[in-house]
Amino acid sequence: GDGTAATFAIAIPREAETGVWYVSWISLTDGAENSSLAQASSAATAPPGGTFAVNSSESDSTAPEVIQVWFDKTSVDGGENNVIKVEARDDRSGVVSMMGACQSPSKAALIWFTCALNAESETWEGVILVPKSAECGEWVIQQLATKDKAGNTSLLKGDSPTLARASFRVAPREDCD
C-alpha cells in the first residue's frame, strides 16, 4: 500500500455494555478491487488499535426475552394476510426491533416479516403476506430475532419451545398436492 490511513466513527449506543470492545472483522478493498478480510475472535486477538473501552451508567448486556408468540388467524387462504403478535420484554434499554421468517411445510419457502410495537396493546406485530400460490399446510416460524436498544440480540430458532407453539395453516385448494 501507499500508507493511506482511514478513520471511521463507530456509534456506541448509550445503553451499551460496559467493558473492552473490539473490532471483530473488517473488510478492506483497494482501488484495483483486491480485498482482504481481517477477523478477531476476542479482544486479545484484535489487531493493534482494534480495541476500545466503553463505560456506560446505563449498561445493558442482557438480550431481550420473547415471552409468547401467536398469529391472529390459525388458518388463511393463499393471498390472504395474517398478523404475527409477539410479547417480549427487556430488562433495561427496551426492545427496539424484531424480525423473522415463516417457513413452508416442505421447508422450501420463507416469508420474511418485521414487527413494530403496537403501543396500545404493548405487543410487537407484523403482517405476514401469504402469497396466493403459497404451499398448503402448516407454516411455522423458522426464526425470530429480537434486538434491544443496546444492540443485544436474541435469536430463536424454529425448535425453540416458545416458537413451536405458534403456526398457521394455508387452507387446501384445488392446486395443492
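Every residue two or more places apart in sequence or in another chain that forms a side-chain contact (heavy atoms from CB on, under 4.5 Å) with Ser24 is listed here: Tyr22. For Arg89, the side-chain hydrogen bond (donor to acceptor under 3.5 Å, both in side chains) test picks out Glu65, with sequence neighbours left out. In this view, Asp30 and Asn34 satisfy the side-chain hydrogen bond (donor to acceptor under 3.5 Å, both in side chains) rule, not counting sequence neighbours. In this view, Ser167 and Glu138 satisfy the side-chain hydrogen bond (donor to acceptor under 3.5 Å, both in side chains) rule, not counting sequence neighbours. Listed by chain and number, the residues in a side-chain contact (heavy atoms from CB on, under 4.5 Å) with Val66 are Val69, Val86, Leu144, Thr146, Leu156, Thr162 (sequence neighbours excluded). Among residues two or more places apart in sequence or in another chain, the side-chain contact (heavy atoms from CB on, under 4.5 Å) test is passed with Ser75 by Arg169, Ala171. Under the side-chain contact (heavy atoms from CB on, under 4.5 Å) criterion, Leu28 pairs with Ile26, not counting sequence neighbours.
When all heavy atoms of Pro105 and Cys136 are compared, the pair lying nearest together is CG-O, 3.5 Å. Nearest heavy-atom pair, Ala150 versus Pro13, reported as atom, atom and distance to 0.1 Å: O-CG, 3.9 Å. In terms of heavy atoms, Asp90 sits closest to Ala63 at OD1-C, 3.8 Å. The shortest non-hydrogen separation linking Thr29 to Ser35 is OG1-CB, 3.5 Å. Across every non-hydrogen atom of Thr45 and Ser41, the tightest pair is OG1-N, 3.1 Å.
Between the Asp159 side chain and the Pro161 main chain, no donor and acceptor come within less than 3.5 Å of each other. Side chain of Ser59 to main chain of Thr18: a donor-acceptor pair is present (N/O by atom type, distance under 3.5 Å, no hydrogens or angles). Judged by distance alone, with hydrogens and angles left aside, the side-chain atoms of Lys149 form no donor-acceptor pair with the main-chain N or O of Arg92 at under 3.5 Å. With hydrogens and angles disregarded, a donor-acceptor distance shorter than 3.5 Å links the side chain of Ser56 to the backbone of Arg14.
Each side-chain hydrogen bond (donor to acceptor under 3.5 Å, both in side chains) pair with one or both residues in residues 126-137, not counting sequence neighbours, appears once here: Ser104-Glu135, Ser106-Glu135. Among residue pairs with one or both ends in residues 55-97, those qualifying as ring pair (Phe, Tyr, Trp, His ring centres under 6.0 Å) are Phe71-Phe168; sequence neighbours excluded.
Interatomic distance, CE of Met98 versus OG of Ser154, reported as 7.5 Å (0.5 Å rounding). Note that the CD atom of Glu17 and the OG1 atom of Thr62 stand 8.5 Å from one another [nearest 0.5 Å]. With rounding to the nearest 0.5 angstrom, the CD atom of Gln68 is 5.5 Å from the CD atom of Glu87. One finds the OG atom of Ser57 at 9.5 Å from the CD atom of Glu15 (value rounded to the nearest 0.5 Å). Going from atom CD1 of Ile84 over to atom SG of Cys102 covers 5.5 Å, rounded to the nearest 0.5 Å. Interatomic distance, Ile141 CD1 to Ile128 CD1, rounded to the nearest 0.5 Å: 7.5 Å.
Side-chain contact check for Asn81 versus Leu129: some heavy-atom pair is nearer than 4.5 Å. Looking only at side-chain heavy atoms (C-beta outward), Val170 and Val76 come within less than 4.5 Å of each other. Asp60 places a side-chain heavy atom less than 4.5 Å from the side chain of Asp91. For the pair Ser93/Glu58, no side-chain contact is recorded, criterion being any heavy-atom separation below 4.5 Å from C-beta on. Counting only heavy atoms from C-beta outward, the side chains of Trp139 and Val130 never approach each other to under 4.5 Å.
The hydrophobic cluster containing Trp25, built from Ile/Leu/Val/Met/Phe/Trp/Tyr side-chain heavy atoms closer than 4.5 Å, also comprises Leu37. The hydrophobic cluster of Leu155 has no other members, since no ILVMFWY side-chain heavy atom comes under 4.5 Å of it.
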Check against side-chain contact (heavy atoms from CB on, under 4.5 Å), Asp72 and Lys85
CA-CA 7 Å; Asp72 263 357; Lys85 296 187 177 186; 3.0 Å; yes

Could you give the side-chain donor-acceptor pairs of residues 107-119 under 3.5 Å, partners two or more places apart or in another chain?
unit_1, atom_1, unit_2, atom_2, d
Asn118, OD1, Glu120, N, 2.9
Asn118, OD1, Ser121, N, 3.1
Asn118, ND2, Glu125, OE2, 3.2

